[in-house]
Amino acid sequence: MTQSSRAIALSLQEHTESSSGPITLNEDEALFQQQLQHAIEISKANVQRGELAQSSASTNTFLSERAQLEKERRERQKRLRKAQGLPDSDDDLRAVSDEEDLGQPNAKSSKLGPSQGSFFWDGEWHCQKFWAIDIAFAILSSFALDIPWIYSLFDPSSPVIVVAQPDSNGKASVKNALPNWIKTTPFLRGGYGCMHMKFMLVCIAMHRSPAGSRLYRKSHTVRLAGHRKYLPPLPKEAPFNRQDNESFPSVMKRVLDAVNVLPALSTMLKQDHPNLPIKTTEQICTRWDWSNVKVNLVPSIAGKHEGWPNVILTGHVRLMKAVRYMGFRTGKGSKEKTLELECQGSSIGSYTTQWINEFYHSAKGESAEDWLDKPKSRREKLPYPVEVKVLFPTLATIRSSQHGERGGGNLFFQRSYWEGKKFPRQLFYDSRSKAGKTLMHTKMIVGSISQKVATKGPQKEVINIDTDSEDSDSGEEVEVVDANVGWIYLGSHNFTPSAWGTLSGSAFNPIMNIRNYELGIVLPLKDMAEVDNLACFERPPRKYGPDDSPWIQEESIYFKPRSS
């Protein structure tokens with residue numbers, strides 16, 4: 001027995017099912033990866049000592065051990081699925097059976113197409129051996145682009161549409177960028193604002209491999225990047241519902257139309273790609289099964305949006321709709337819940353008390369109509385909500401980061417904002433990554449909701465309304481009745497008016513003005529453990545102290561303009 005064989009055997013003995021009770025599917029996968037990595041490390045060590053340098057027999061032994069690990073893993077998963085009442089992995093979940101792999105079609109498996117779930121299990125794609133994937137088509141979007149570099153990562157024959165920032169004139173355009181690649185830009189009024197969306201929509205073609213074998217079966221599957229879900233094609237294309245403004249694919253269609261994808265599609269179809277899996281943006285809604293996508297899509301569409309049917313579809317009012325849909329509306333009166341926001345971003349805006357309260361009102365799931373019903377003079381004089389925490393790194397945090405001040409080139413704040421007479425410096429908290437000394441460009445909002453009731457007399461558990469705020473009333477005590485629920489936003493929106501929009505007009509005829517194109521997702525959180533797990537920053541964040549100063553890029557010696 002080789003040294004790697006002994007190591008694998010010992011590792012397997014240490015993790016028998018009887019050692020500490022049953023294991024889950026995720027734990028089983030982690031165990032398999034741990035065992036495999038252990039074997040690989042030992043094999044590398046053996047090569048360095050010369051034991052395997054010239055030994056093809058030893059290489060074959062390791063490969064057979066790898067195959068044995070895979071076989072044992074599948075057997076464990078089969079037992080676990082059976083015990084949990086889940087489909088059998090060797091049956092219903094396999095795209096191709098063992099007999100089919102050997103060129104002997106299996107009657108049962110041959111009846112299972114992608115739409116019946118043979119490639120998919122709970123939204124995750126299970127690709128079996130002898131199957132390969134190609135990118136049949138992709139739509140990519142980003143503010144900053146290095147197209148030659150991205151192009152090098154794709155097969156040159158794969159058709160791709162790239163959504164990008166328009167020129168300074170802000171005009172929409174469609175241009176050939178590279179062979180099989182089209183660059184499209186949306187309209188920006190007067191050239192102001194950003195096409196700031198980051199997303200990838202990838203159509204995958206699955207086919208039989210190795211190369212040179214006959215095309216066995218092929219279908220186009222949508223991969224929703226960032227959500228870790230594959231969307232299987234529907235068995236039959238569904239009719240397009242023009243009345244649907246709420247579902248994920250309908251919102252995605254609206255986003256694609258807004259950023260000028262439709263004319264780019266038409267151009268590509270007329271050129272060398274008449275068989276694209278997506279010929280119109282409507283087919284986003286009609287050709288694939290989106291039922292496994294459980295998150296809410298929240299876009300900001302640049303421009304002036306007037307009237308409730310338009311305002312409700314974009315910016316922070318769209319966030320309000322998502323919060324309500326998830327059941328996290330805070331309510332009013334004696335039963336009103338408290339929402340605490342932790343807003344992490346890479347760019348700070350010019351804040352006013354009216355805008356912060358406007359955003360906070362929507363984040364609570366409360367109607368923008370109620371907000372606009374209040375007199376404007378009253379809205380302009382509201383105090384800043386202490387429940388809103390704005391996370392941005394201090395100068396000290398930047399200097400202690402991995403690359404020091406040199407690494408702060410993508411974090412933006414202006415000294416004139418910070419020193420403004422009414423700027424909410426009391427809302428600022430240091431932004432520290434859970435990844436250690438790495439700086440964050442992440443845009444995230446964590447919304448934690450709790451029910452708080454004023455108490456009298458001795459209580460089992462009391463806390464201050466705002467334990468982190470220096471301005472809080474330390475004498476007021478509350479009892480936590482229903483806590484540890486909330487939601488999280490992740491996407492391209494910085495915590496700025498340009499990204500989320502500003503409301504004006506009246507409750508009868510509202511107007512939403514937005515400078516940027518932005519896109520993000522909102523999903524519910526069930527408890528504080530999940531909040532802490534998903535947040536990219538250290539929690540609770542530390543409030544700025546009297547000696548703290550925010551990072552101001554232009555004041556660093558590494559970013560000051562050079563004198564002529």
Side-chain angles (χ1 to χ4, degrees), residues 189 192-193 242-247 250-251 254-255 258 296-341 343 349-388 390 422 424 427 445 447 449 486-487 489 493-520 522:
R189 288 182 299 174
Y192 293 106
R242 297 186 180 277
Q243 306 304 315
D244 179 14
N245 288 322
E246 301 298 326
S247 69
S250 295
V251 178
R254 190 160 65 247
V255 166
N296 298 276
L297 196 60
V298 177
S300 283
I301 306 300
K304 179 181 179 181
H305 308 272
E306 190 167 358
W308 283 117
N310 299 314
V311 167
I312 204 75
L313 300 178
T314 187
H316 66 72
V317 182
R318 187 66 195 174
L319 174 65
M320 179 272 290
K321 286 283 289 183
V323 170
R324 283 193 171 193
Y325 179 79
M326 294 183 294
F328 290 131
R329 182 180 179 182
T330 59
K332 302 176 183 178
S334 60
K335 294 184 178 180
E336 180 179 357
K337 296 181 180 180
T338 297
L339 171 68
E340 182 179 275
L341 295 181
C343 306
S350 178
Y351 298 139
T352 64
T353 182
Q354 180 170 335
W355 185 80
I356 294 282
N357 277 284
E358 175 185 317
F359 181 90
Y360 186 60
H361 190 85
S362 288
K364 293 195 295 182
E366 296 306 312
S367 172
E369 185 176 7
D370 295 341
W371 171 256
L372 291 173
D373 257 341
K374 299 175 182 178
K376 184 178 179 182
S377 58
R378 180 183 173 189
R379 285 182 270 149
E380 291 175 343
K381 295 178 181 178
L382 287 172
Y384 282 101
V386 296
E387 296 86 358
V388 175
V390 182
K422 297 182 179 180
L427 302 185
I445 299 176
I449 299 174
W487 49 266
Y489 163 86
H493 292 77
N494 277 301
F495 187 55
T496 64
S498 296
W500 286 105
T502 56
L503 272 176
S504 60
S506 65
F508 178 75
N509 186 42
I511 298 172
M512 171 70 83
N513 276 287
I514 302 179
R515 278 199 169 189
N516 297 354
Y517 292 92
E518 308 278 2
L519 190 63
V522 182

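These numbers come from the heavy atoms of this one structure, side chains and all, not from hydrogens, waters or symmetry mates.
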Rounded distance [0.5 Å steps], NE2 in His305 versus CG in Leu313: 9.0 Å
Side chains of Asn357 and Thr353: donor-acceptor distance under 3.5 Å anywhere? yes
Straight-line distance of Ser504 OG to Glu306 CD, nearest 0.5 Å: 8.5 Å
N/O donor-acceptor pair under 3.5 Å between Arg324 side chain and Gly365 backbone: yes
Verify, without hydrogens or angle tests, whether Tyr384 (side chain) and Lys422 (backbone) share a donor-acceptor contact under 3.5 angstrom. yes
Interatomic distance, Thr352 atom OG1 to Glu380 atom CD [nearest 0.5 angstrom]: 8.5 Å
Backbone N/O of Leu339 and side chain of Tyr360: donor-acceptor pair under 3.5 Å: yes
Parallel, tilted or perpendicular: which one describes the rings of Trp355 and Tyr351, with boundaries at 30° and 60°? parallel
Within this structure, what is the NZ-NZ distance for the pair Lys332 and Lys364, rounded to the nearest 0.5 Å? 9.0 Å
More than 12 heavy atoms of other residues, nucleotides or ligands under 6.0 Å from NZ of Lys376: is that the case? no
When rounded to the nearest 0.5 Å, the distance separating CZ of Arg318 from CG of Asn296 is 8.0 Å
Measuring from Arg515:CZ to Thr502:OG1, what's the distance to the nearest 0.5 Å? 9.5 Å
Under 3.5 Å, is there a donor-acceptor pair between the side chain of Trp500 and the main chain of Asn494? yes
Centroid-to-centroid, Phe359 to Trp371, below 6.0 Å? no
Donor-acceptor check, side chain of Glu366 to backbone of Gly331, threshold 3.5 angstrom: yes or no? yes
